Number of protein chains: 2
Amino acid sequence: MRKRKRKRKMEGALWLLVVVVLAVVLAPAESAGDVKIWPMPASVSSGNKRLHLSKDFELLTQGTGYNDASGILKDGFNRMLAVVNNGHVVDGNFSDKSSLLSGLHALQYGIDESYKLMVPSPENQAYAHLEANTVFGALHGLQTFSQLCHFNYKSRVIEVHMSPWTITDQPRFSYRGLLIDTSRHYLPLPVIKNVIDSMTYAKLNTSFVPDMVVINCCSYAQKRGINVMAELDVPGHALSWRVGYPALWPSNYCQQPLDVSNEFTFQVIDGILSDFSKIFKFKFVHLGGDKVNTSCWTDTPCISKWLKKHHMNESQAYQYFVLRAQNIALSHGYEIVNWEETFNNFGNKLGRKTVVHNWLRGGVAQQVVASGLRCIVSNQDKWYLDHLDTAWQEFYMNEPFANITNSKQQKLVIGGEVCMWDEHIDGSDIEQTIWPRAAAAAERLWTPYDKLANDASEVTGRLAYFRCLLNQRGVAAAPLSGPGRVAPF
Amino acid sequence: MRKRKRKRKMEGALWLLVVVVLAVVLAPAESAGDVKIWPMPASVSSGNKRLHLSKDFELLTQGTGYNDASGILKDGFNRMLAVVNNGHVVDGNFSDKSSLLSGLHALQYGIDESYKLMVPSPENQAYAHLEANTVFGALHGLQTFSQLCHFNYKSRVIEVHMSPWTITDQPRFSYRGLLIDTSRHYLPLPVIKNVIDSMTYAKLNTSFVPDMVVINCCSYAQKRGINVMAELDVPGHALSWRVGYPALWPSNYCQQPLDVSNEFTFQVIDGILSDFSKIFKFKFVHLGGDKVNTSCWTDTPCISKWLKKHHMNESQAYQYFVLRAQNIALSHGYEIVNWEETFNNFGNKLGRKTVVHNWLRGGVAQQVVASGLRCIVSNQDKWYLDHLDTAWQEFYMNEPFANITNSKQQKLVIGGEVCMWDEHIDGSDIEQTIWPRAAAAAERLWTPYDKLANDASEVTGRLAYFRCLLNQRGVAAAPLSGPGRVAPF
């Protein structure tokens, strides 16, 4: 009976066992401390025992049904070990084996990111037990495991305190994003990679990069459980298209938005989205649609003539452009994200596969989901990282379900995104502008509503601990006290 | 004849050959651009050809007399390749061999850091030729080589422009330091390691860390050609000693400086320096001696009594303490660095092996070397990195030989050090507070006087390029415009 149950588990789920030594109780009556995990898991129980990791702690895959051909889990395990070891000279003479089973899923929006972690495994005290339905759930489990580990400078071993642990966890929202702007200042590749690595520590899962430099990072990010969403912001924000396609500007004197009257405009959009679809495998593409000033269309004689011929005013032409671009994206298999201006202007005309990306103010999500469309929350007063005067407490308290009580409507809020626009950002200050404030939002997006603090001050200690962890891992997260990117004092 | 000459070279010097492909001239009439190397080498000549690196560019040691047992050069070569590749997907189908010869020297103050780099080698166009008397000279040569390499995004190969290159180089000063304070804010190990790596890019060679956390970094630094100087700052700055040695405070009410009347004080100093000598192999130890307020000695009855008995006033007791600590350090084989307060108070009594560390103001070096002692320049108005309002131009223009014209006296200025005191520094902002300003001082300390710019504005473009290089290598160097640690705009 027991055996059969186990077999079922192996077929249905990815699970792995990670070595820890057999319950070496250093402080048998140690009082259970605070749980320091960030973001807080859905369910946690801990004890008062202290374990430590064997020196040759490792992940074994031989003899199991799991084929980690792309090395995602092995790499994730090695990264976890690296951040846990963190350059320390670790002692310890214990050794044991670990084992990993089951299949691999491709990363995609809405993938099962849940995991269950038991330290030690109830069935074998010399192991930790990590169970997940997908490799990406397992990666989250490894991140949580890394946060249970502490280097003891005296004994020079890595310890797990407050054992036994049982953690059952899954995200509240399936879209937990960080926008990384690379258009105004050059961001070198290693900097973007460091940001992607740091996102995994806070269990964020989507990086939205409105620039094509990120092509280089796609596979790097995917292997870490981070989807990359590309943006083609039309018809505005397209000044740079001139380099390749001068004919797409209304005229040399009036350069934005793209020429709505020119069929070639849509041929180029089609070509770019066709290229995108080969590189960006994420379900969504971002088509922008924000900040469109259409006066260039009426000021340019040939376009103005075209508008009259087609009985369109500026506003109708803007709608025509956005909807036509949406159809092109749909034809390439994408679902669409558009900035909220499109919804504010002609929400009822937007394709039903549209996700409206809120940014101008709070309260928009409420209207979007009431209209039956999906929404990503990024209201700039709370979740724009370039607003340095927005403190982490405000990031933490920004609730995507504000005033949305209907559970069907709540499901349409797919998540949120903190935005790092780079007017004053480059490789020299991006990390401390993002962290720790993005972590505050990450917990809001990961942890079940009823486990979130009602008052941000309740989590100050745990977030300060996470900030210290980021520093130890080489991420230049700023101190908690004061506004964004403040120097310590 | 030719063969014998070669043999002599093999005996006398370390030399290595590094692969580049045979002069693939992409732009045969390319005009020679600006030399972008930072710090500027002693002697440079370049051409107008463009080469590119083979994909399997590598360093071979087999079949040579050189035994890189500790892997220093191989590691240095691999780091150089990593920063040159920098995460790019490099194409290219050329391959060749490289070769490395001769012996290994231990890193120490005053070691020969010179090198000669020819790209390509005049004897074999498929190789670059790097010649050095020590492995640490060779590491500098590899750093320079890395700065000749550029990734071409179109062809996806790494190119060397302006070939052929002949660079003969050696530092102007043998002590080129960066003080990394770790006493006021915790600096995680990975952060310190990143700072050490970034020092090598600017050819700095000494990190002075007034804290024992650095023990972990000693071997890491040495392998990169960075000496680590430890500090035991006595008799002041010793509040924390109380933890281990409460008896060393004058009293519970008066806690600094250390009790001059207590023989146990000097026994503890002896013990610590004995331990230091096993860990810190650098020729110098820093004994501090700054900011001593001796009122605690006269305010504490038993010490006051002891002073009277020994016919000492406060000032004489301060001198007695410093000189006795110097003698203890000498007995452990160290030469001594003391802050300038010791010189300002009793310069003529200091041991002749003392190096006076200037910090209070400019003009001190002049007095120190006139008295026959050696000096390290760190005048706070120009070379304190925590002074955010000191711009890089002032760092660049601070001349250690100011008003020192006698060549014998000039030899006593062993170098300089930029200081990163950490009242407002931790892992979140240390890199952008250090860079690019430390690089400006690094060129002052490396490059021959007659090759330095008379006006800092002449090197703005080259330093901006180096700052960009630091960013590409993941170092959060701040922009050049504005004061220290300024955000880009």
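The chains referred to below are lettered A, B, ... by the order of the sequence lines, with proteins before strands, and numbering in each begins at 1. Computed from a prediction, not measured in an experiment: that's the story for all the values here.
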Given a strict heavy-atom distance threshold of 4.5 Å, which part of [X] is in contact with chain A: side chain, backbone, both, or neither?
| X | answer |
| --- | --- |
| B/H424 | both |
| B/R485 | side chain |
| B/E431 | neither |
| B/L470 | neither |
| B/A487 | both |

Exercise. So what's closer than 4.5 Å to chain B heavy atoms on A/R184: side chain, backbone, both or neither?
Worked result: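 Contact with chain B: none, neither part.
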Exercise. Between atom CG of A/N471 and atom CG of B/L187, what is the distance when rounded to the nearest 0.5 Å?
Worked result: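 Atom-to-atom, A/N471:CG and B/L187:CG are 9.0 Å apart.
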Problem set entry | Top of A/D426, A/I425, A/V191 for chain B proximity - count of heavy-atom pairs under 4.5 angstrom |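 Top count of heavy-atom pairs under 4.5 Å with chain B: A/D426.
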Problem set entry | Option that, when pairs with chain B are counted at under 4.5 Å, heavy atom only, ranks first among A/A476, A/A477, A/C468, A/P488 |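 Of the candidates given, the most pairs with chain B belong to A/P488.
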For this session: With sequence neighbours left out, write down each residue that passes ring pair (Phe, Tyr, Trp, His ring centres under 6.0 Å) with A/H150, or none if nothing qualifies.
Result: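 Per chain and number, A/H150 pairs via ring pair (Phe, Tyr, Trp, His ring centres under 6.0 Å) with A/H161.
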For this session: Ignoring hydrogens and angles, tell me if any N or O in the side chain of A/Q432 forms a donor-acceptor pair with the backbone of B/S428 under 3.5 Å.
Result: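 Here the side-chain-to-backbone pair exists.
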For this session: Go through the structure and list residues passing salt bridge (Lys or Arg N to Asp or Glu O under 4.0 Å) with B/D275, not counting sequence neighbours.
Result: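 For B/D275, the residues satisfying salt bridge (Lys or Arg N to Asp or Glu O under 4.0 Å) (neighbours in sequence not counted) are B/K278.
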